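The structure under discussion appears below in the form of structure tokens.
Keep in mind that this is a model prediction, so the values were computed, not measured.
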Amino acid sequence: MDSNYYNRRPRKRVTRKMARRRQLTALAVILILLIVGIALICNACSKNDDDKGDTKPSVTTTTTTTITTTTTTTTTVPVVTADPNDPNTITGLTLDKYSVEVQVGEKDMPWVTMTPASSTEKGEIWVSSDPTIATVDHIGNITGVSPGSCFVTVTSENNPAIYAEVKVTVYGETGGIAQTSETPTNADTTEAPSASSAELTYINGILIANKTYALPADYAPGLDKTTESQFNALSAAAAAEGLNIWLASGYRDYDYQKRIYNNYSSIYGSDTADTFSARPGHSEHQTGLAIDVNSIDDSFAGTPEAEWLAVHAHEYGFIIRYPKGKEHITGYKYEPWHIRYLGVDTATKVYNSGLTLEEYLGITSSYQ
């Protein structure tokens, strides 16, 4: 017998049902392999996207730095970051002191705090209103030059709308100081012509400076003593209630206001600048009877200090000069931080009337 015959296994017969089962099994295996393959591909793509995301901040930072450098080298006007969501936008600026007294040759330096603290754009611009009296360097060192008074302003380089002022008094070796003329006090008993003269305009005894009525360029009285004294009383009363109201900007002379207005005009255009900054000769700050408090920006609105000021300012002789909703009458946007001294009686009458000063006196405020 042939031995190969006995070693050969008999072939198992495959039924149609078994063949179909094998086909289905093969298809299931193929389907599983496809699913696994697709999952692996998706995972690889997702990883690539994550890797790309890690490189974006570096590229974006480089681009931003290049743009900032280009802007700085091509213009002297600081770039204003208007996006409120940008963590680098400066929204507030405070000082540890708002007045400095030095002898000729001596130095002093206010300490600046800008908010938010997380911002990396905390550059400062320091300017003296009168370098013949006091100079200031780029970090805020104030040096007395000659006896007298002036103002030193620090502005945020990131946002020029944010600034604060320091009143500087320089004494000579004997302690003397140059004298400045006093501002006529707008007490309620003061009487003056209700018409425009060659120099000043009084209406019902109130010195007027708005868009219609201008002050002479050489009118430089400094901050009115009564105004300063009453503001100190107001600030003390607020402090007794746990509030902090401080003088951020007081008297400004004609030339200083001119620099401020021209700076805003170069950044925003004159039409926009006119809504919140006075042209030189038209600023109430030149009268020595107006004060800006605290942050001097929209962040002050709605604060406990702003709400207290709106209710109690008249008790100390002040009014909120540019109320909300009266822009078309006063000529300026709502400024809860800008107060004007009128004397207690007159300020109380204006407050109780609910009118602006223009409405109360029946005058206009518009540039001719």
- Going through the distances and angles, do D130 and T132 end up as a side-chain hydrogen bond (donor to acceptor under 3.5 Å, both in side chains)? CA-CA 5 Å; D130 191 345; T132 65; 2.4 Å; yes
Heavy-atom side-chain contact between [X] and [Y] under 4.5 Å:
{"X": "L207", "Y": "Y219", "result": "yes"}
{"X": "I90", "Y": "S119", "result": "yes"}
{"X": "W337", "Y": "I296", "result": "yes"}

- Note on the structure: Per ring-ring contact (aromatic ring centres under 6.0 Å, His included), Y341 is matched among Y316, F318, Y251, F231 by F318
- Message: Walk me through whether V350 and L355 qualify under side chain to side chain contact (heavy atoms under 4.5 Å, CB included).
- Response: CA-CA 6 Å; V350 174; L355 303 175; 5.6 Å; no
Measure the spacing between [atom1] of [X] and [atom2] of [Y] and express it to the nearest 0.5 Å.
{"X": "I133", "Y": "C150", "atom1": "CD1", "atom2": "SG", "answer": "5.0 Å"}
{"X": "I320", "Y": "L357", "atom1": "CD1", "atom2": "CG", "answer": "13.0 Å"}
{"X": "T91", "Y": "D86", "atom1": "OG1", "atom2": "CG", "answer": "11.0 Å"}

- Step by step, would you call D274 with Y261 a side-chain hydrogen bond (donor to acceptor under 3.5 Å, both in side chains)? CA-CA 8 Å; D274 283 339; Y261 178 79; 2.7 Å; yes
- Query: Does the ring center of Y367 lie less than 6.0 Å from the ring center of H282?
  - Reply: yes
- Message: Under a plain distance cut-off of 3.5 Å, with no hydrogens placed, do D253 and H285 share a side-chain donor-acceptor pair?
- Response: no
- Determine, stepwise, if the pair T330 / T356 fulfils side-chain hydrogen bond (donor to acceptor under 3.5 Å, both in side chains). CA-CA 7 Å; T330 64; T356 64; over 6 Å; no
- Might you confirm whether atom NZ of K349 has over 12 heavy atoms from other residues, nucleotides or ligands at distances under 6.0 Å? no
- Using the test side chain to side chain contact (heavy atoms under 4.5 Å, CB included), find all partners of D108 that sit at least two apart in sequence or belong to another chain. K97, V100, V102
- Message: Pair L234, N232 - check side chain to side chain contact (heavy atoms under 4.5 Å, CB included), show working.
- Response: CA-CA 5 Å; L234 178 153; N232 290 338; over 6 Å; no
- Item | Considering all heavy atoms, the nearest Q257-A278 contact | NE2-O, 2.9 Å
- Should the ring pair H338 and Y322 be called parallel, tilted or perpendicular, given that the plane angle runs from 0 to 90° and is split at 30 and 60? tilted
- Task: Would you please test Y268 and F276 for side chain to side chain contact (heavy atoms under 4.5 Å, CB included) and show each step?
- Result: CA-CA 11 Å; Y268 303 105; F276 64 87; 3.7 Å; yes
- Task: Could you list the residues that satisfy ring pair (Phe, Tyr, Trp, His ring centres under 6.0 Å) with W126, not counting sequence neighbours?
- Result: none
- Could K326 and E358 be called an ion pair, given the rule that one side-chain N must be under 4.0 Å from one carboxylate O? no
- Query: Does the pair E284/R321 count as a salt bridge with the N-to-O cut at 4.0 Å?
  - Reply: yes
- Message: Under the criterion side-chain hydrogen bond (donor to acceptor under 3.5 Å, both in side chains), I'd like the reasoning laid out for S249 against E165: C-alpha separation, chi angles, the key distance, then a yes or no.
- Response: CA-CA 5 Å; S249 179; E165 288 184 338; 2.8 Å; yes
- Query: Could you go step by step and tell me if R340 and L289 meet the side chain to side chain contact (heavy atoms under 4.5 Å, CB included) rule?
  - Reply: CA-CA 6 Å; R340 162 68 194 267; L289 301 166; 3.5 Å; yes
